[in-house]
Amino acid sequence: MPLLIAAFFITALLYASVGFGGGSTYNALLALSGVDYRILPLLALSCNIIVVAGSTLRFARAGITPWRGALFMTALAAPAALLGGLTPIGEGAFLAILGASLVLTAMTMLLPVSEGEGEARRWARFIPLGAMPLGYLAGLVGIGGGIFLAPLLHLARWREARAIAATASFFILVNSLFGLAGQVLKGGEGRFLAAFDIGLPLLIAVAIGGQIGSLLALKFMPQRWIRWGTAGLTLWVGLRLLFAM
């Protein structure tokens, strides 16, 4: 458990530094530790909520969040996240989807990030259509979905970088809340209590790591280095999970 707590702390610190929650990596770390796969999404989504809640609030207070676009995409995704949380899934399929999502996550984090808003691309208007499948995936395996949404928004030059980070943070928060609700309804009180018994030290670790990551990390390390380090960690965990099946 001490090693797992440390891994959760580091994951929260790294992901919070680039505006994400880290749900996919929490899931994989728990799976590799032998935790029952049925309670993994409960723990990962709870950790997501703790990590991104603070950054979402800070973005909102600073007036950075583009509420019209963020609310529209999140409104499309949230019901799908609830449906994903309610969907039964076997262990093999769960681990395969999780491993593949981790590898894809790492690849999206390596995509170039535009520094300015620039001229929006013609296909930017179609990005909200991807919110629903991202929401469903969020609820199904316990990730927020924002880590896939943000690179698309950057490539489309949808908004400037901080506005995209604010949108992704809000997207992750709401999807995680709806996905968690679906998971609780599917698994019942007993599974939720089992997850809480295992996860309390982990929740504390991500709360501390997320705060440090969002407040301090970017002041001491270039964001590009943090993204590459997070992508490397995510890719390693995802590949290890896939090859362990």
Trainee: Find out whether S176 and V52 are in side-chain contact, i.e. whether some heavy atom of one side chain is under 4.5 Å from a heavy atom of the other.
Mentor: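 No, their side chains stay 4.5 Å or more apart.
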Trainee: With no hydrogens and no angle check, is any side-chain donor or acceptor of Y26 less than 3.5 Å from a backbone partner on G21?
Mentor: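 Pair found, side chain donor or acceptor close to backbone of G21.
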Trainee: So do the side chains of I208 and F9 get within less than 4.5 Å of each other, counting heavy atoms only?
Mentor: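 Yes - at least one pair of side-chain heavy atoms lies under 4.5 Å apart.
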Trainee: Indicate, with yes or no, if W236 and L3 share a hydrophobic cluster defined by side-chain heavy-atom contacts under 4.5 Å among Ile, Leu, Val, Met, Phe, Trp and Tyr.
Mentor: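 No, L3 does not connect to W236 through the hydrophobic network.
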Trainee: Measure the shortest side-chain to side-chain distance between F94 and L140 over non-hydrogen atoms and say whether it is less than 4.5 angstrom.
Mentor: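 No; the side chains remain at least 4.5 Å from each other.
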Trainee: Is there a donor-acceptor contact under 3.5 Å from the side chain of S169 to the main chain of A166?
Mentor: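 Looks like no, no N/O pair under 3.5 Å.
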Trainee: Check side chain to side chain donor-acceptor pair (under 3.5 Å) between N27 and all other residues, then give those that pass, not counting sequence neighbours.
Mentor: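 By the side chain to side chain donor-acceptor pair (under 3.5 Å) rule, N27 matches no residue at all.
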Trainee: Identify the residue among I64, T167, I164 that makes a side chain to side chain contact (heavy atoms under 4.5 Å, CB included) with R159.
Mentor: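 Considering I64, T167, I164, a side chain to side chain contact (heavy atoms under 4.5 Å, CB included) with R159 is found only for I164.
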Trainee: Answer with yes or no whether the hydrophobic clustering places V206 together with L173; edges join I, L, V, M, F, W, Y residues whose side-chain heavy atoms lie under 4.5 Å apart.
Mentor: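 V206 and L173: one cluster.
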Trainee: If you look at every heavy atom in L4 and S33, which pair is closest and at what distance?
Mentor: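 It is CD1-OG, 3.5 Å.
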Trainee: Is there a side-chain contact (heavy atoms from CB on, under 4.5 Å) between T65 and T56? Walk through the geometry before answering.
Mentor: CA-CA 8 Å; T65 308; T56 299; 6.0 Å; no
Trainee: Taking all heavy atoms of G145 and all of L134, pick out the closest pair and write down the distance.
Mentor: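 Looking at all heavy atoms of both residues, the shortest contact is O-CD1, 3.9 Å.
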Trainee: With sequence neighbours excluded, give me every side-chain hydrogen bond (donor to acceptor under 3.5 Å, both in side chains) pair touching residues 136-151.
Mentor: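 Residue pairs with at least one partner in residues 136-151: T87-Y136.
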Trainee: Do the side chains of P201 and F8 get nearer than 4.5 Å, heavy atoms only?
Mentor: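 Not in contact.
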Trainee: Please report the closest heavy-atom contact between A163 and P66, naming both atoms and the distance.
Mentor: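 Closest heavy-atom pair between A163 and P66: O-CD, 3.5 Å.
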Trainee: Between I143 and L137, is the side-chain contact (heavy atoms from CB on, under 4.5 Å) condition met? List the steps.
Mentor: CA-CA 7 Å; I143 64 174; L137 180 64; 3.7 Å; yes
Trainee: Looking at A168 and G146, what are the two nearest heavy atoms and their distance?
Mentor: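 Here A168 and G146 meet closest at CB-O, 4.0 Å.
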Trainee: Any side-chain heavy atom of V103 within less than 4.5 Å of one from L235?
Mentor: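 Yes. Closest side-chain heavy atoms under 4.5 Å.
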Trainee: Quick check: does any side chain N or O of N175 sit under 3.5 Å from a backbone N or O of G144, one acting as donor and the other as acceptor?
Mentor: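 Yes; judged by distance alone, with no hydrogens or angles, the pair exists.
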Trainee: Quick one: are D36 and I198 in side-chain contact, heavy atoms under 4.5 Å?
Mentor: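 No; the side chains remain at least 4.5 Å from each other.
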Trainee: Roughly how far apart are K186 NZ and R38 CZ, rounded to 0.5 Å?
Mentor: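 K186 atom NZ to R38 atom CZ measures 10.5 Å (nearest 0.5 Å).
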Trainee: Closest heavy-atom contact between N48 and G142?
Mentor: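 That would be ND2-O, 4.5 Å.
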Trainee: Taking ILVMFWY side chains as joined if any heavy atoms are under 4.5 angstrom apart, and letting links pass through other members, which residues group with V174?
Mentor: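 Result for V174 is W67, L71, L82, L86, F170, F178, L185.
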Trainee: Check for me, please, whether L177 and M132 land in the same ILVMFWY cluster - side-chain distances under 4.5 Å, paths through other members count.
Mentor: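 No, separate clusters.
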Trainee: Of the non-hydrogen atoms in A131 and M73, which two are nearest, and what is the gap between them?
Mentor: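 Reported closest heavy-atom pair: CB-O, 3.4 Å.
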Trainee: Hydrophobic cluster membership, with links at side-chain heavy-atom distances under 4.5 Å among I/L/V/M/F/W/Y: are I49 and I204 in one?
Mentor: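 Yes.
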Trainee: Are L95 and L45 connected in a single hydrophobic cluster, I mean Ile/Leu/Val/Met/Phe/Trp/Tyr linked by side-chain heavy atoms less than 4.5 Å apart?
Mentor: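 Yes, L45 connects to L95 through the hydrophobic network.
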Trainee: Does the side-chain contact (heavy atoms from CB on, under 4.5 Å) test come out yes or no for I172 and F20, once each step is laid out?
Mentor: CA-CA 8 Å; I172 292 168; F20 303 129; 4.0 Å; yes
Trainee: Once rounded to the nearest 0.5 Å, what's the spacing between atom CG of L102 and atom CE of M107?
Mentor: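 The CE atom of M107 is 13.0 Å from CG of L102, to the nearest 0.5 Å.
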Trainee: Does the side chain of C47 reach to within under 4.5 Å of the side chain of L203, using non-hydrogen atoms?
Mentor: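 Answer yes - side chains close enough.
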Trainee: Working to the nearest 0.5 angstrom, can you tell me the gap between I212 CD1 and I10 CD1?
Mentor: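 If I round to the nearest 0.5 Å, the distance is 11.0 Å.
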Trainee: Between L29 and V35, is there a side-chain heavy-atom distance shorter than 4.5 Å?
Mentor: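 With C-beta onward as the side chain, the pair stays apart.
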